[in-house]
Amino acid sequence: MKWIISLVTFIVAASLGFILSNNFISNANQQASYYQTMQVANDTDRMKYLMSTSGGRTGINKAKIHAVDSVKLDELNENYQYIERTREEYTMHTETYTTTDSKGHSTTHTRTYWSWDYAGSESKQAKYVAVNGFKIKSSTIDLPQYDLDLKDNMFNKNIEYGMFFKHKGSVRGNYYYVGSDTRYKYSFTPVDSKLTLFAVLGRNKISPLQGENIINTTKKTVKQVKKGYNDSAKKAHFIYFLSFVLSLLLSIGAWFACNEINK
């Protein structure tokens, strides 16, 4: 009887593992094929040609991305494709907690602590960017953001009063401190970037890939991205072996469990 239970356990587990593994591997293969069969534009001329011929799915390798109408904040020296100022307030918090002694007596305590808390933000973004000279709306492309390093002379220290800052502050690390309980941090996207895009190229049009709401970008090359998907597809086949091993272990476990019950 225990052999039958062990065999049934193996068959059920193996069948379930096969179905799940097959779906996982199929998805990995489809994704690899989706990127592997893309067109590649390594320069502006190739991109323009693919747009003129409605080339479809394309990896635009290391495209030059430039903010057409860059933006800035008064207190900063530079212009940006995107800039965000976030305000933080040093705030006192009070919380209560209860402890119980060995005799079961409960005591309520109060603890006070301070933390820098979000207190609002303001951002500006260029309306358009040019991808290898072709203008598109900034809202249609995903561009990375970075923390602005205020120590690298990017902050206009001459500003003392203005529409936003009412007091002269100080720069410490990546923060601009106004007094002891208010500080600001900044995140930005530079005016010029060099990134790889994956998009659909049509006649005078660059659109997101099917199923995407925005054009994706990466610092990797098209070749590196394709290799990554191919490697993932190859590794996915290991799932078959893993599901078989797990099914075998479950059947052995069922055999030992039945053996213990019959003792």
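All values below come from the heavy atoms of this structure, side chains included, with hydrogens, waters and symmetry mates left out. Bear in mind the structure is a predicted one, so any value in this text is a computation, not a measurement.
Side-chain contact between Ile65 and Leu197: present, with at least one pair of heavy atoms (C-beta onward) separated by less than 4.5 Å. Under the 4.5 Å side-chain criterion, counting only non-hydrogen atoms from C-beta, Thr196 is not in contact with Ile60. Within the 4.5 Å cutoff, side-chain heavy atoms of Ile136 are placed close to those of Ile215. By the 4.5 Å heavy-atom criterion applied to side chains, Lys124 and Ile83 are counted as neighbours. Considering only heavy atoms from C-beta on, Glu212 comes within 4.5 Å of Leu209 through its side chain.
A donor-acceptor contact closer than 3.5 angstrom links the side chains of His93 and Ser115. Of the N and O atoms on the side chains of Arg57 and Gln210, not one donor lies less than 3.5 Å from an acceptor on the other residue. Side chain to side chain, Arg172 and Tyr177 fail the donor-acceptor criterion of an N or O pair below 3.5 Å. A donor and an acceptor atom, one from each side chain of His105 and Thr100, are nowhere located under 3.5 Å apart. When only modelled atom types and interatomic distance are considered, Gln125 and Ser138 share no side-chain donor-acceptor pair under 3.5 Å. With hydrogens and angles left out, the side-chain atoms of Gln81 and Ser193 include no donor and acceptor closer than 3.5 Å. When only modelled atom types and interatomic distance are considered, Glu95 and Tyr97 share no side-chain donor-acceptor pair under 3.5 Å.
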Are Glu84 and Tyr82 close enough, and set up right, to give a side chain to side chain donor-acceptor pair (under 3.5 Å), and what steps lead you there? CA-CA 7 Å; Glu84 181 178 21; Tyr82 173 87; 3.2 Å; yes

Checking His109 against Thr99 for the side chain to side chain donor-acceptor pair (under 3.5 Å) test, could you report, in this order, the C-alpha distance in whole Å, the side-chain angles of both residues, the deciding distance, and whether it holds? CA-CA 8 Å; His109 307 271; Thr99 59; 2.8 Å; yes

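For the side-chain hydrogen bond (donor to acceptor under 3.5 Å, both in side chains) test with Asn61, the passing option among Asp43, Thr221, Asn42 is Asn42; the others fail.
The aromatic rings of Trp114 and Tyr90 lie parallel to each other, with less than 30° between the two planes, well short of the 60° mark.
Annotation for Lys72: atom NZ counts as buried by contact number, over 12 foreign heavy atoms lying within 6.0 Å. Heavy atoms of other residues, nucleotides or ligands lying less than 6.0 angstrom from NZ of Lys220 number 12 at most.
Applying the ring pair (Phe, Tyr, Trp, His ring centres under 6.0 Å) definition to pairs two or more places apart or across chains, none involves residues 54-78.
Residues Glu88 and Lys185 are paired through a salt bridge, judged by an N-O separation under 4.0 Å between the basic side chain and the carboxylate.
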